[in-house]
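A short worksheet on the structure shown next.
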Amino acid sequence: MTSDQNLTELNLYPVTLSASNVQLRKLELMDKISQAPRNSLMLASELCVSGYDFDGFFAGANSAMLPQMLGSFDSILMEELQDALSEDKFLAFTHLKSIQKTDTTKEHEKVSARIFNEFVILNDTQVFHAQSKTKLFRPKLEYEKFSAADESEVKIFEFKGIKVGVLICFELRFIDLWQRLKSAEIILVPAMWGKERKEAFVLLCKALAMVNICYVVVASSLDLEFSGVFLPDGEFKKAQNLTEI
């Protein structure tokens with residue numbers, strides 16, 4: 001099967017969530033998964049379930065407890081999502097991932113942890129791709145909570161024979177990262193973009209589609225509510241099946 005055939009048979013299904021808290025957003029996402037048609041690639045907005053909810057769901061955790069709490073939450077979330085998915089329903093989204101490292105010397109043992117905003121594509125049995133956010137948004141003080149990944153993680157990968165790239169929210173502003181995805185057929189943009197900067201978001205997504213001559217699938221919520229698909233000529237569609245475009 002050629003790449004073009006794979007493209008036309010794939011349903012691109014952007015997902016935005018609007019529920020008020022973590023548990024309700026998780027249920028909302030499960031409902032969206034159940035409604036998605038077969039052979040769907042769903043793209044959910046950045047940190048669609050947890051958000052940056054350190055004053056809410058994770059408020060009881062101090063800096064030492066937070067990585068372990070995130071790890072437990074993440075493990076349960078991933079298991080529940082894979083139970084909801086199927087062989088031909090794929091979910092692309094970002095979540096908070098903590099990585100613990102133990103340094104042992106003769107005198108003591110020190111455990112340190114780093115938290116990443118990680119993008120994954122998975123179905124019921126498999127994780128197809130993962131990469132972490134490389135450009136942290138300084139006005140929101142992301143650097144105080146998270147670690148930035150190396151830019152080498154932004155690269156084209158194959159999914160169902162299609163060349164796919166990912167830019168996580170703020171990464172959209174960096175043209176050098178566009179260049180790294182130059183021959184991608186689809187670029188996914190999970191975001192939690194600010195409402196007051198909607199015009200910039202739309203213009204950047206449209207320009208990315210036209211400059212890289214590819215489909216750009218976008219999903220932003222928990223601030224700006226916006227989702228859809230920009231065609232390679234820059235036209236915007238809400239259509240979910242590429243055969244309808």
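Bear in mind the structure is a predicted one, so any value in this text is a computation, not a measurement. Positions are given from 1 along the sequence.
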Membership question, hydrophobic clusters at under 4.5 Å side-chain separation (ILVMFWY): are [Y] and [X] in the same one?
X: Trp178; Y: Ile168; result: no
X: Phe146; Y: Trp193; result: no
X: Ile187; Y: Leu10; result: no
X: Ile213; Y: Val217; result: no
X: Val49; Y: Leu85; result: yes

Do you know which two heavy atoms are closest between [X] and [Y], and how far apart they sit?
X: Ala184; Y: Cys214; value: O-CB, 3.2 Å
X: Cys205; Y: Phe230; value: CB-CE1, 3.5 Å
X: Pro190; Y: Ala44; value: CB-O, 3.5 Å
X: Asn123; Y: Gln82; value: O-NE2, 2.9 Å
X: Ser220; Y: Thr16; value: O-CG2, 3.4 Å
X: Ala130; Y: Val120; value: CB-CG1, 3.9 Å

To the nearest 0.5 Å, what is the distance between [atom1] ([X]) and [atom2] ([Y])?
X: Met78; Y: Leu91; atom1: CE; atom2: CG; value: 9.0 Å
X: Lys26; Y: Ser50; atom1: NZ; atom2: OG; value: 11.5 Å
X: Lys155; Y: Leu177; atom1: NZ; atom2: CG; value: 14.0 Å
X: His129; Y: Ile156; atom1: NE2; atom2: CD1; value: 11.0 Å
X: Ile121; Y: Met42; atom1: CD1; atom2: CE; value: 11.0 Å
X: Ser132; Y: Leu96; atom1: OG; atom2: CG; value: 10.0 Å

Can you name the one residue among Glu46, Glu171, Glu153 that meets side chain to side chain donor-acceptor pair (under 3.5 Å) with Lys133?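 For Lys133, the side chain to side chain donor-acceptor pair (under 3.5 Å) test succeeds with only one of Glu46, Glu171, Glu153, which is Glu46.
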
Is a donor on one side and an acceptor on the other found under 3.5 Å between the side chain of [X] and the backbone of [Y]?
X: Asn21; Y: Gln23; answer: yes
X: Ser75; Y: Ser72; answer: no
X: Glu142; Y: Phe137; answer: yes
X: Arg173; Y: Leu204; answer: no
X: Ser221; Y: Glu225; answer: no
X: Glu28; Y: Ala19; answer: yes
X: Arg114; Y: Ile99; answer: no

Do the rings of Phe201 and Phe226 sit parallel, tilted or perpendicular, given the 30° and 60° boundaries?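 Judged by the thresholds at 30° and 60°, the geometry between Phe201 and Phe226 is perpendicular.
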
Could you check if a side-chain atom of [X] sits within less than 4.5 angstrom of a side-chain atom of [Y], using non-hydrogen atoms only?
X: Leu81; Y: Ile33; answer: yes
X: Leu172; Y: Leu208; answer: yes
X: Tyr215; Y: Pro232; answer: yes
X: Met192; Y: Cys48; answer: no
X: Arg25; Y: Leu222; answer: yes
X: Val229; Y: Val216; answer: no
X: Leu188; Y: Phe119; answer: yes
X: Leu43; Y: Val15; answer: no

Let's go through Phe90 and Phe128 carefully: what are the C-alpha distance in whole Å and the side-chain angles of both, what is the deciding distance for ring-ring contact (aromatic ring centres under 6.0 Å, His included) to 0.1 Å, and is it a yes or a no? CA-CA 9 Å; Phe90 306 90; Phe128 295 87; 5.5 Å; yes

So does Glu196 have more than 12 non-hydrogen atoms from other groups sitting under 6.0 Å from CD?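 More than 12 heavy atoms, drawn from other residues, nucleotides or ligands, come within 6.0 Å of this atom.
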
Hey, mind stepping through Leu231 and Phe236 against side-chain contact (heavy atoms from CB on, under 4.5 Å) and telling me if it holds? CA-CA 6 Å; Leu231 310 191; Phe236 179 73; over 6 Å; no

Run the side-chain contact (heavy atoms from CB on, under 4.5 Å) test on Tyr13 and Gln35 for me, step by step, so that the C-alpha distance in whole Å, both residues' side-chain angles and the decisive distance to 0.1 Å come before the verdict. CA-CA 10 Å; Tyr13 197 79; Gln35 294 177 29; 3.9 Å; yes

Please evaluate residues Phe93 and Leu122 with respect to the criterion side-chain contact (heavy atoms from CB on, under 4.5 Å), reporting the C-alpha separation (whole Å), side-chain torsions for both, the decisive distance (0.1 Å), and the verdict. CA-CA 9 Å; Phe93 74 117; Leu122 73 169; 3.5 Å; yes

Quiz question: by atom type and distance under 3.5 Å, do the side chains of Ser227 and Lys238 form a donor-acceptor pair?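 Yes - a donor-acceptor pair under 3.5 Å links their side chains.
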
Inter- and intrachain pairs under side-chain hydrogen bond (donor to acceptor under 3.5 Å, both in side chains), touching residues 84-97, at least two apart: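 Qualifying pairs: Arg38-Asp88, Asp74-His95, Ser86-Asp88, Thr94-Asn117, His95-Glu118, Lys97-Glu118.
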
Assess the residue pair Ile186 and Ile162 against the criterion (side-chain contact (heavy atoms from CB on, under 4.5 Å)); give the C-alpha distance rounded to whole Å, side-chain angles, the decisive distance to 0.1 Å, and a yes or no. CA-CA 8 Å; Ile186 297 175; Ile162 302 167; 4.1 Å; yes

Is any side-chain N of the basic residue among Lys237 and Glu235 closer than 4.0 Å to the acidic one's carboxylate O?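 Judged by the 4.0 Å cut-off on N to carboxylate O distance, Lys237 and Glu235 do form a salt bridge.
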
Are Lys163 and Glu158 ion-paired here, with the side-chain N under 4.0 Å from a carboxylate O?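 No, no charged N to carboxylate O under 4.0 Å.
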
